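For reference, the structure discussed in these notes is given below.
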Amino acid sequence: MRKFIALGALAASFWAPALHAETKVTPLITRDLQGIPGKEGAMLTVDYPPGGWDPVHRHHASVFVYVLKGSVVMQVEGHAPVTLKAGQSFFEGPDDVHIVGRNASQTASARFVAFFVKDKTTPFVMPAH
């Protein structure tokens with residue numbers, strides 16, 4: 001339970017001040033990964049309001065994104081941006097800098113789930129540089 005609360009606090013502290021007031025990050029689960037010492041998996045959802053976006057950041061984690069609703073634009077440094085619709089996915093590696101993360105629509109909301117595989121001692125979200 002403490003990990004779940006900590007994930008929520010970390011997510012809120014990163015996304016809340018930097019995004020449109022209505023962007024919502026909801027922690028779902030965090031668990032140690034058996035057989036992989038020092039690693040944990042975590043899932044959360046991000047709900048973008050119309051026009052919502054993320055600041056430039058990195059995770060130092062493997063992050064798998066799956067779009068549940070709407071359409072989002074994602075880009076990591078060195079790669080072209082991609083527009084993803086519901087049912088499509090995106091991967092962000094531990095060394096990637098996430099330079100674009102935003103709702104593709106100015107009129108409709110968007111939602112995605114993110115699954116992290118990370119070192120237990122590493123924060124979920126960090127500044128880009």
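In this text, all values refer to a predicted model and were calculated from it rather than measured experimentally.
Shown here for Gln75 and Phe90, the closest heavy-atom pair between the two residues is N-CZ, 4.1 Å. Pro55 and His57 get closest at one heavy-atom pair: O-ND1, 2.7 Å. Annotation for Ala110 and Ser71: closest pair CB-O, 3.8 Å, computed over non-hydrogen atoms. Of all non-hydrogen atoms in Ser89 and Leu84, the two that sit nearest each other are O-CD2, 3.5 Å.
Although no hydrogens or angles enter the test, the distance criterion places no donor-acceptor pair under 3.5 Å between the side chain of His98 and the main chain of Arg58. Side chain of Asn103 to backbone of Ala108: a donor-acceptor contact under 3.5 angstrom is found.
Tyr48 is not listed as a side-chain neighbour of Arg111, based on a closest heavy-atom distance of 4.5 Å or more. Put simply, the side chain of Val113 does not reach to within 4.5 Å of the side chain of Val65, judged on heavy atoms. With contacts defined as side-chain heavy-atom distances shorter than 4.5 Å, the pair Val46/Lys24 does not qualify. Residues Val73 and Val82 fail the side-chain proximity criterion, which asks for heavy atoms closer than 4.5 Å. Within the 4.5 Å cutoff, side-chain heavy atoms of Val117 are placed close to those of Leu33. At a threshold of 4.5 Å between non-hydrogen side-chain atoms, the residues Thr45 and Val25 do not count as touching. Within the 4.5 Å cutoff, side-chain heavy atoms of Val97 are placed close to those of Val56.
If you run side chain to side chain contact (heavy atoms under 4.5 Å, CB included) between Lys39 and each of Asp32, Asp119, Thr122, only Asp119 comes through.
Here the CE atom belonging to Met74 is positioned 15.0 Å from the NE2 atom belonging to His79, to the nearest 0.5 angstrom. Of the inter-residue distances, the one linking Phe91 atom CZ with Ser62 atom OG reads 4.0 Å to the nearest 0.5 angstrom. Note that CD1 of Ile29 is 8.0 Å distant from CE of Met43, once rounded to the nearest 0.5 Å.
Ring pair Phe64/Phe115 is tilted by interplanar angle, where 30° to 60° counts as tilted.
Taking the six-membered ring for Trp and the full ring otherwise, Tyr66 and Phe112 have centroids separated by 6.0 Å or more. Between His59 and Phe116, the gap from one ring centroid to the other is short of 6.0 Å.
By the 4.0 Å N-to-carboxylate-O rule, Arg102 lies too far from Asp54 to be salt-bridged with it.
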Margin query: Checking Glu40 against Lys118 for the salt bridge (charged side-chain N to carboxylate O under 4.0 Å, His left out) test, could you report, in this order, the C-alpha distance in whole Å, the side-chain angles of both residues, the deciding distance, and whether it holds?
Written below: CA-CA 6 Å; Glu40 66 184 1; Lys118 62 180 263 329; 2.8 Å; yes

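Annotation: salt bridge (charged side-chain N to carboxylate O under 4.0 Å, His left out) contacts involving residues 60-73, sequence neighbours excluded, are absent.
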